[in-house]
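What follows is a single structure, written as structure tokens, with notes after it.
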Amino acid sequence: MESPLLAVLLLVGLAIGCAVGSAYARARRGWADYQTVKKTVPTARRGAWLLIRGVAVKAAVIGLLLFGAVAYAAVGSDDETAGPAPSPSSTQSEPAHR
């Protein structure tokens with residue numbers, strides 16, 4: 001009677017051991033992955049800030065160019081060769097003389 005009981009206890013022990021061992025391996029792998037990513041975060045953060053700074057500089061340059069274009073359009077040009085614009089006049093049609 002001891003032999004079947006020992007066999008059952010051995011199988012239960014093996015099942016629990018396999019479950020605990022796989023959980024331990026998964027936890028170790030997760031911890032190693034976490035440490036690897038943790039080391040790369042400062043580099044990635046620095047790269048992200050460089051990209052953000054580049055976009056901000058480009059947006060500022062575009063904004064200044066747009067501001068300058070609007071200011072130039074508001075002031076007008078110094079070119080007076082076109083002369084005054086003709087004013088609209090209404091023409092009255094006269095009856096034909098015979």
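Taking the ring-ring contact (aromatic ring centres under 6.0 Å, His included) definition, one finds that Tyr34 meets it with Trp31, sequence neighbours left out.
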Without placing hydrogens or testing angles, list every side-chain donor-acceptor pair under 3.5 Å for residues 35-44, not counting sequence neighbours.
residue	atom	partner	partner atom	Å
Thr36	OG1	Ala32	O	2.9
Thr40	OG1	Val37	O	2.8

Identify all side-chain donor-acceptor contacts of residues 53-62 below 3.5 Å with residues at least two apart in sequence or on another chain.
none

Which donor-acceptor pairs under 3.5 Å do the side chains of residues 16-29 make with protein atoms, sequence neighbours left out?
residue	atom	partner	partner atom	Å
Ser22	OG	Cys18	O	3.2
Ser22	OG	Ala19	O	3.0

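Cluster partners of Leu14, using a side-chain heavy-atom cutoff of under 4.5 Å among ILVMFWY residues and allowing indirect links, are Leu10. Taking Ile, Leu, Val, Met, Phe, Trp and Tyr as hydrophobic and joining them when side-chain heavy atoms fall under 4.5 Å apart, one finds Ile52 in a cluster with Trp49.
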